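These notes concern the structure reproduced below.
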Number of protein chains: 2
Amino acid sequence: MHSGRVASRSAEPRDARESRNGGGPHLDTVSLAIIEQLQEDGRRPYAAIGKAVGLSEAAVRQRVQKLLDQGVMQIVAVTDPLTVGFRRQAMVGVNVEGDVESVADALSAMDECEYVVMTAGSFDLMVEIVCEDDDHLLEVINRRIRAVPGVRSTESFVYLRLKKQTYMWGTR
Amino acid sequence: MHSGRVASRSAEPRDARESRNGGGPHLDTVSLAIIEQLQEDGRRPYAAIGKAVGLSEAAVRQRVQKLLDQGVMQIVAVTDPLTVGFRRQAMVGVNVEGDVESVADALSAMDECEYVVMTAGSFDLMVEIVCEDDDHLLEVINRRIRAVPGVRSTESFVYLRLKKQTYMWGTR
DNA sequence: CCCCGGCTCTACGAAATCCGCAAACATCGA
DNA sequence: TCGATGTTTGCGGATTTCGTAGAGCCGGGG
């Protein structure tokens with residue numbers, strides 16, 4: 001019962017953020033607001049989200065489902081791996097000769113690589129890896145990653161302590 | 001009805017992963033299993049989790065609440081910022097003179113820093129930053145980060161494309 | 001040996017939430 | 001103007017969440 005109709009989204013000019021998002025699906029202001037709600041609490045009830053963004057419970061539910069299906073967002077538990085028993089974690093900078101994308105795909109296929117991103121700068125790729133122990137770490141870096149065709153060199157940064165980890169860009 | 005009593009956790013020897021977790025609270029096998037479930041789907045019902053780990057719905061609920069309260073895990077929506085309207089993102093390697101920890105704290109206090117980790121290697125800190133646009137990125141790196149006392153130098157890696165982002169270390 | 005405090009689990013009823021569906025509505029192009 | 005398409009709303013029933021009370025386990029005194 002939020003006083004009748006909600007103003008049509010297309011009535012207001014498209015939010016600046018909607019344009020040029022790298023090829024992904026278009027996200028309007030309402031979906032952004034929904035994501036923002038779920039960044040604060042991934043289990044917040046649909047009705048509460050609806051009240052916050054001005055939509056019915058069912059509409060929120062359908063939008064959330066679509067965002068999940070499209071891969072725009074995922075609702076998950078995140079932890080500090082070091083707290084949960086993985087004793088060695090590292091960021092690895094990778095230099096590539098040839099096709100960077102195919103190397104990125106190869107690294108993405110590895111379970112131990114939790115995070116893979118193509119970058120500009122003195123590395124072509126940055127990869128975060130999570131391992132059980134030192135032996136595992138050594139094997140992943142020196143045997144597996146360097147064995148990928150196109151990998152020219154790597155540089156490792158072993159994690160000592162995680163200081164911050166947030167996902168609340170929306171709540172600034 | 002999982003055949004009467006669940007074996008007391010302390011009956012079996014402590015899981016190897018439980019020890020030496022960096023000072024955080026002790027996590028037994030069951031809590032690990034719960035986290036694993038929520039890494040697959042952060043909204044999975046407590047009853048379903050209970051069936052998977054061999055616990056009642058209420059017990060799962062109480063454990064999850066405690067894990068959240070203790071800060072061991074968070075249940076949140078995660079996205080690719082580039083997909084959601086933030087146009088510039090970068091990893092920044094930082095070299096520090098003096099106390100690394102205090103610099104890490106200062107950087108953690110900045111909203112734009114989403115991820116801060118102390119490392120061993122040619123950088124003392126690695127920081128992931130999320131910005132609206134080029135101007136914002138420039139200001140954060142050149143004015144704010146370099147202005148922190150103790151920061152000797154920085155090197156930036158601007159994100160071109162996010163290839164992988166997972167949180168399912170448990171499901172290997 | 002017994003009792004007690006602290007902690008965790010189970011049981012269960014009430015309240016809130018989730019879910020599927022059909023109808024209403026908006027938008028857009030023919 | 002008229003469909004085609006996609007979204008939102010409004011239900012009712014199934015499911016889940018929530019609070020709480022009581023039981024089981026364990027270790028530390030007395």
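These numbers were taken from a predicted model, which means no experiment stands behind them. Chain letters run A, B, ... following the sequence lines, proteins first and then strands; every chain starts at 1.
- Rounded to whole Å, atom P of dT10(C) lies 14 Å from atom NZ of K51(B).
- The pair D134(A)-R88(A) meets the salt-bridge criterion, since a charged nitrogen lies less than 4.0 angstrom from a carboxylate oxygen.
- With rounding to whole Å, Q62(A) atom CD is found 9 Å from dG20(C) atom C1'.
- Contact check, K66(A) against dT7(D): a side-chain N or O comes under 4.0 Å of OP1 or OP2.
- Atom CD in E57(B) sits roughly 15 Å away from atom P in dT17(C) (whole-Å rounding).
- Toward the 5′ end of DNA chain C lies the nearest nucleotide of V60(B), the other residue of the pair V60(B) and R44(A) mapping further downstream.
- Comparing dT8(D), dC18(D), dC19(C) against the side chain of R61(B) picks out dC18(D) as the nearest.
- Atom CD in Q65(A) sits about 12 Å away from atom C1' in dG20(C), given to the nearest Å.
- Under 4.0 angstrom from either OP1 or OP2 of dT17(D) there lies at least one side-chain N or O belonging to R43(A).
- In this structure, R161(A) places its CZ atom where only 12 or fewer heavy-atom neighbours from other residues, nucleotides or ligands lie under 6.0 Å away.
- Remark: P of dT7(D) and CG of L27(A) are 12 Å apart, rounded to the nearest angstrom.
- For the pairing with V94(B), the side-chain contact (heavy atoms from CB on, under 4.5 Å) check across T119(B), V116(B), V100(B), V127(B) returns one residue only, V127(B).
- Summarising the geometry, atom CD1 belonging to I129(B) is positioned 10.0 Å from atom CG belonging to L107(B); distances are rounded to the nearest 0.5 Å.
- A straight line from CD1 of I49(B) to P of dC9(C) spans 14 Å, rounded to a whole angstrom.
- Which of dC18(D), dC18(C), dT10(C) sits closest to the side chain of Y46(B) comes down to dC18(D).
- The nucleotide whose nearest atom lies closest to any side-chain atom of R63(A) is, among dT7(D), dC12(C), dC9(C), dT7(D).
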